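Right, one structure below, let's go through it.
The figures that follow rest on heavy atoms only: side chains count, while hydrogens, waters and symmetry mates do not. The structure presented is a predicted model; accordingly, all values stated were derived computationally and were not measured. Every number for a ligand or one of its atoms is a count from 1 in the order of the listing.
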Amino acid sequence: MSGVAGTVPVVKKNLNGIVGFHNLPNQVHRKSVKKGFHFTIMIVGESGLGKSTLINTLFNAPIAPTRDGNAAKDQQDSASKTVEINSFTSDIEENGVKLKLTVIDTPGFGDFINNTEAHKPILKSIEERYENYLDQESRVNRKNMTDNRVHACIYFIAPTGHSLKQLDVQFMKELGPKVNLIPVIAKSDVLTEAEVTGFKERILQDIKANNIQIYYPAVHENDDPETVQEIKEIISRIPFAIVGSNQTFEHPPGSKNHIRGRKYPWGLIEIDNEAHCDFVKLRQMLIRSHMEELKEHTTQILYESHRSLKLEGAGVRGKDAKTNPAKFEEEKRAHELKMAKMEQEMKAVFQQKVSEKEKKLKQSEEELYARHKEMKQQLEQQRLDLEERKKRLLGGASPARANSNTPTQQSQKGKTGLFK
Ligand SMILES: Nc1nc2c(ncn2[C@@H]2O[C@H](COP(=O)(O)OP(=O)(O)OP(=O)(O)O)[C@@H](O)[C@H]2O)c(=O)[nH]1
Ligand SMILES: [Mg+2]
């Protein structure tokens with residue numbers, strides 16, 4: 001090998017003509033548009049903070065049951081508190097681009113005296129989705145893989161105006177390394193502008209002091225100044241102060257212009273007005289500007305670390321066996337189960353291939369037999385025809401003596417007559 005060990009010399013060449021690879025971005029674009037996009041958001045937070053309402057605000061349709069009963073007609077009966085993890089999927093199309101948006105609603109926590117276990121089902125759901133993907137990756141047939149991993153997790157913070165609660169700190173600390181955590185201040189319409197600003201500062205301080213990992217959109221080297229400005233604006237709004245609503249109002253009253261908002265005796269709070277709340281900025285980051293980055297970060301960093309921890313867990317058994325025999329046994333069993341499952345899958349594929357081959361062989365054997373039978377029949381028919389002809393010829397040659405001779409004599413004489 002030439003050059004410094006471990007480095008590959010890069011030769012830069014000026015092309016004499018256009019080769020055509022400037023068209024590569026268009027190829028990627030065409031392929032992505034054809035395939036469509038899939039994005040999954042999870043909504044987490046204390047009970048009654050407007051999580052289900054935000055889902056309806058995001059989709060602009062009453063799909064998730066909420067406490068004020070603003071849900072789809074067939075869900076009116078259960079319209080209340082969310083009691084289990086529900087997911088809502090919608091196929092959206094804009095200018096020929098298809099997006100499958102899934103939003104996962106989770107039951108609110110914080111209703112009990114002891115809430116220390118509240119986060120477990122939510123973390124379990126996130127991990128199960130990773131496990132499901134890992135399982136699909138280790139299959140023999142990896143066609144048609146479905147990606148149900150959570151790409152963004154919106155965490156609702158109660159609008160107390162103070163700082164983060166202990167429960168929030170604990171939960172966010174656990175969620176941070178697993179998902180793209182996006183903190184939001186719920187029902188920010190109950191706080192004044194100055195209160196929101198102060199609250200945001202204290203939340204960010206708490207996040208830093210407790211080493212909580214949250215998602216910040218990245219600024220890239222080759223971003224144009226306009227994009228950089230946009231990203232900076234988004235970052236300046238974190239944690240997003242949001243307001244959700246299922247209702248629209250005429251604005252100004254009496255006009256045909258309907259806007260989404262919450263009506264108070266002193267005025268209307270507009271959801272889609274950036275001066276009133278950060279909902280538009282949150283939606284812009286989630287869907288318009290950073291969806292791909294959120295997905296990439298999930299796949300390359302968060303899922304990858306889950307995956308390597310899992311695989312490492314299976315690999316460093318020797319060490320574990322001495323320090324934690326119970327864990328070692330559990331992992332050993334899980335690994336064995338997985339291997340058995342893979343073996344079964346491989347056996348099934350092998351069996352399928354063998355039976356396909358057998359079926360084909362049997363079919364060709366049957367075909368051969370049928371042909372053989374047909375040929376035999378043809379030959380038999382020919383033989384009978386010849387016999388018939390022979391009889392007819394013999395009968396025609398000596399009809400007068402036919403009666404006085406035995407059949408043997410008759411045929412011998414016939415034969416002589418025939419070859420004369
Ligand atoms: N003031 C105010 N109220 C809101 C807002 N969003 C929702 N609400 C109201 O808060 C109540 C609870 O809303 P939900 O969306 O059911 O809350 P949730 O977080 O899903 O509740 P759980 O499912 O019990 O956890 C309803 O009466 C909503 O109308 C908001 O932005 N501001
Ligand atoms: Mg709910």
Minimum non-hydrogen distance to atom 25 (O) of ligand 1, winning option of Lys187, Gln247, Lys51: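 Residue with the shortest heavy-atom distance to the ligand atom: Lys51.
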Using a distance-only test with no angle check, is there a side-chain donor-acceptor pair under 3.5 angstrom linking [X] and [Y]?
X      : Y      : answer
Glu293 : His151 : no
Thr53  : Asn56  : no
Asn132 : Gln136 : yes

task: Assess the pair Phe279 and Phe240: is the distance between their ring centroids shorter than 6.0 Å?
output: no
For ligand 1, which atoms sit closer than 4.0 Å to a heavy atom of [X]?
X     : answer
Thr53 : 6 (N), 7 (C), 13 (O), 14 (P), 15 (O), 28 (C)
Gly48 : 12 (C), 17 (O), 18 (P), 19 (O), 21 (O), 22 (P), 24 (O), 25 (O)
Ser47 : 24 (O), 25 (O)

task: Have a look at ligand 1 and work out which part of Tyr264, if any, has a heavy atom under 4.0 Å from it: side chain, backbone, both or neither.
output: side chain
- prompt: When you look for heavy atoms under 4.0 Å from ligand 1, do you find them on the side chain of Asp189, its backbone, both, or neither?
  reply: side chain
Quick one: does [X] get an N or O within less than 3.5 Å of an N or O on ligand 1?
X      : answer
Gly108 : yes
Gly244 : yes
Gly50  : yes
Thr106 : no

- prompt: Does a side-chain heavy-atom distance below 4.5 Å link Glu270 with Arg262?
  reply: no
message: Within this structure, what is the NZ-OG distance for the pair Lys310 and Ser305, rounded to the nearest 0.5 Å?
response: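 If I round to the nearest 0.5 Å, the distance is 12.5 Å.
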- line: Per side-chain hydrogen bond (donor to acceptor under 3.5 Å, both in side chains), Asn180 is matched among Lys295, Gln213, His297 by His297
message: If you count every heavy atom of other residues, nucleotides or ligands that lies below 6.0 Å from Gln344 atom CD, does the total exceed 12?
response: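 Open: at most 12 neighbouring heavy atoms sit under 6.0 Å from CD of Gln344.
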- prompt: Would Ser52 count as a contact for the Mg ion (ligand 2), in the sense that one of its N, O or S atoms lies under 2.8 Å from it?
  reply: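 It does; at least one qualifying atom falls short of 2.8 Å.
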